[in-house]
K.L.:
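Quick one: the structure is below, questions incoming.
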Amino acid sequence: MPDTVIVVDAILFDMDGTLVDSTAGVVGAWNEFAKTYPGIDVQNILSSAHGVRTVDNLKNYCGITDPVLLEEEAERFEKAIVTTASQNGGAGIVRLPGVDEAMKELAPRRFLPKPLWAICTSATRSYAAEALKAANVPVPDAFVAAEDVEKGKPFPDPYLLGAEKCGVDPKKCVVFEDAPSGIRSGNAAGCKTIGLLTTHSREQVEGAEPTYIVKDMSQVSIRCLPEAVEITIHA
């Protein structure tokens, strides 16, 4: 099968599971929360909650409805991700394969007024900034966090806002996502979507109907053009 080449006006990246890996911290945080909320099924949550905003997961799985408590617990959860990620021999929060090469090309084009890429994450701004710093991934000027949208993934809002911040039509963007909820969000926004097999099975990713599927970022090459981005998906 030959390589596939696409040209888009901007790339919209998910963060966790696409650019960085914080799996050890997420597992640790849910295990910590199981002590406070003993009825939760951690294994079930880990298989279905990835890519969804922390506040939405805490509503769904811990039954928290009070807005003040929800905000406090979301902050506690995300702090627990950072503190537990490197405990017990864990690697901490790290870049995923292929991200370093992509960022060498993209980092200089992250600035307003015409950034060629954005990060659209379900994490809060404070946690995302900390996670990206830990993994040594640059923060683009076009950045969408959980608190920037009324409805998170799988609704299209995060990627619509990401395209808007890049000043481009979402139909001329491509989304890189590992979570089915995020792939559905990108599809709903009208973007092309590239599903990564970093956190979910091929069957789960295929079920979200991405435009393309790759193992991880190492299967793509990125080249910045004057007003666009060329992406090669290697067979």
K.L.:
Between the side chain of S185 and the main-chain N/O of S181, is any donor-acceptor distance below 3.5 Å?
P.N.:
no

K.L.:
Holding to salt bridge (charged side-chain N to carboxylate O under 4.0 Å, His left out), I want the full list of residues that pass it with E75, two or more places apart in sequence or in another chain.
P.N.:
K79

K.L.:
Can you name the closest pair of heavy atoms from S122 and V52 and give their distance?
P.N.:
CB-C, 3.6 Å

K.L.:
Mind listing the closest non-hydrogen atom pair of C191 and P170 along with its distance?
P.N.:
SG-O, 3.3 Å

K.L.:
Is there a continuous path of hydrophobic side-chain contacts, each under 4.5 Å between heavy atoms, that joins F33 to L69?
P.N.:
yes

K.L.:
Of the non-hydrogen atoms in P210 and G195, which two are nearest, and what is the gap between them?
P.N.:
CB-N, 3.8 Å

K.L.:
Can you tell me how far CG of D216 sits from CD1 of I194, rounded to the nearest 0.5 angstrom?
P.N.:
12.0 Å

K.L.:
So does T193 get a backbone contact from the side chain of T211, meaning a donor-acceptor N/O pair under 3.5 Å?
P.N.:
yes

K.L.:
Side chain to side chain contact (heavy atoms under 4.5 Å, CB included) with K133: which residues, sequence neighbours excluded?
P.N.:
none

K.L.:
Tell me, which pairs form a side-chain hydrogen bond (donor to acceptor under 3.5 Å, both in side chains) where one or both residues lie in residues 225-235, sequence neighbours left out?
P.N.:
D3-H234, K114-E227, S221-H234, R223-E230

K.L.:
Kindly say whether V27 contributes a backbone atom to a donor-acceptor pair with the side chain of N31 at under 3.5 angstrom?
P.N.:
yes

K.L.:
Can you run down the ring pair (Phe, Tyr, Trp, His ring centres under 6.0 Å) pairs that involve residues 168-206, sequence neighbours left out, and say none if there aren't any?
P.N.:
F13-F176, H50-H200

K.L.:
To the nearest 0.5 Å, how far apart are OG1 in T124 and CD in E130?
P.N.:
9.5 Å

K.L.:
Same cluster or not: are Y61 and L46 linked, directly or through other Ile, Leu, Val, Met, Phe, Trp or Tyr residues, by side-chain heavy atoms under 4.5 angstrom apart?
P.N.:
yes

K.L.:
Could you name each residue pair satisfying salt bridge (charged side-chain N to carboxylate O under 4.0 Å, His left out) that touches residues 182-200, not counting sequence neighbours?
P.N.:
none

K.L.:
Let me check something: any side-chain donor-acceptor pairs from residues 92-106 under 3.5 Å, sequence neighbours excluded? List them with distances.
P.N.:
residue	atom	partner	partner atom	Å
R95	NH1	A135	O	2.9
E105	OE2	C224	N	2.7

K.L.:
Once you round to the nearest 0.5 Å, how far does CG of L160 lie from NZ of K151?
P.N.:
12.0 Å

K.L.:
Side-chain contact test, heavy atoms from C-beta onward, threshold under 4.5 Å: evaluate it for V220 versus V214 and give yes or no.
P.N.:
yes

K.L.:
Between L132 and V20, which heavy-atom pair has the shortest distance, and what is it?
P.N.:
CD2-CG1, 4.3 Å

K.L.:
I11 pairs by side-chain contact (heavy atoms from CB on, under 4.5 Å) with which of I222, I119, L116?
P.N.:
I222

K.L.:
Counting distance only, does the side-chain N/O of E71 pair as donor-acceptor with the main-chain N or O of V68 below 3.5 Å?
P.N.:
no

K.L.:
Please answer: with hydrophobic residues joined when any side-chain heavy atoms are less than 4.5 Å apart, are V55 and V26 in the same cluster?
P.N.:
yes

K.L.:
Counting N and O atoms only, with roles assigned by atom type, does the side chain of R109 sit under 3.5 Å from a partner on the main chain of A228, one being a donor and the other an acceptor?
P.N.:
no

K.L.:
About how many Å separate NZ of K59 and CG of L70, when rounded to the nearest 0.5 Å?
P.N.:
6.0 Å

K.L.:
Closer than 3.5 angstrom, by distance alone: can the side chain of T18 be matched with the main-chain N or O of M15 as a donor-acceptor pair?
P.N.:
no

K.L.:
Can you check whether G182's main-chain N or O pairs, donor with acceptor, with D14's side chain at less than 3.5 Å?
P.N.:
no

K.L.:
Could you name each residue pair satisfying side-chain hydrogen bond (donor to acceptor under 3.5 Å, both in side chains) that touches residues 34-47, not counting sequence neighbours?
P.N.:
E32-K35, T36-R76, Y37-E73

K.L.:
What verdict does the side-chain contact (heavy atoms from CB on, under 4.5 Å) test give for L197 and V205, after you've listed the backbone C-alpha separation in whole Å, the side-chain angles of each residue and the deciding distance to 0.1 Å?
P.N.:
CA-CA 7 Å; L197 300 176; V205 171; 3.7 Å; yes

K.L.:
Please name all residues satisfying side-chain hydrogen bond (donor to acceptor under 3.5 Å, both in side chains) with R202, sequence neighbours left out, ordered by chain then number.
P.N.:
none

K.L.:
Please find the pair of heavy atoms, one from P140 and one from W117, that lie closest to each other, and give the distance.
P.N.:
CG-CZ3, 3.7 Å

K.L.:
Of all heavy-atom pairs between A128 and A123, which one has the smallest distance, and what is that distance?
P.N.:
CB-CB, 4.3 Å

K.L.:
Provide the full list of side-chain hydrogen bond (donor to acceptor under 3.5 Å, both in side chains) pairs with a residue in residues 154-165, sequence neighbours left out, each pair given once.
P.N.:
K153-Y159, Y159-E177

K.L.:
Indicate whether any N or O donor in one side chain lies under 3.5 Å from an N or O acceptor in the other, for S22 and D16.
P.N.:
yes

K.L.:
Can you sort out the partners of V168 under side chain to side chain contact (heavy atoms under 4.5 Å, CB included), two or more places apart, ordered by chain and number?
P.N.:
D9, A10, A163, C166, C173

K.L.:
Sequence neighbours excluded, which residues qualify as salt bridge (charged side-chain N to carboxylate O under 4.0 Å, His left out) partners of R125?
P.N.:
D148

K.L.:
Is there a side-chain contact between Y212 and T4, using heavy atoms and a 4.5 Å cut-off?
P.N.:
yes

K.L.:
Is it the case that one hydrophobic cluster holds both I183 and F155, taking links as side-chain heavy atoms less than 4.5 Å apart, direct or via other members?
P.N.:
no

K.L.:
Show me the pairs that pass ring pair (Phe, Tyr, Trp, His ring centres under 6.0 Å) and involve residues 124-148, at least two apart or across chains.
P.N.:
none

K.L.:
Decide yes or no on side-chain contact (heavy atoms from CB on, under 4.5 Å) for V144 and V149, but give the supporting numbers first.
P.N.:
CA-CA 8 Å; V144 178; V149 293; 4.2 Å; yes

K.L.:
Hydrophobic clusters here meaning ILVMFWY residues chained together by side-chain heavy-atom distances under 4.5 Å, can you tell me if L161 and V174 are in one?
P.N.:
no

K.L.:
For E78 and T54, what are the C-alpha separation, side-chain angles and deciding distance, and is it a side-chain hydrogen bond (donor to acceptor under 3.5 Å, both in side chains)?
P.N.:
CA-CA 8 Å; E78 293 187 340; T54 301; 2.9 Å; yes

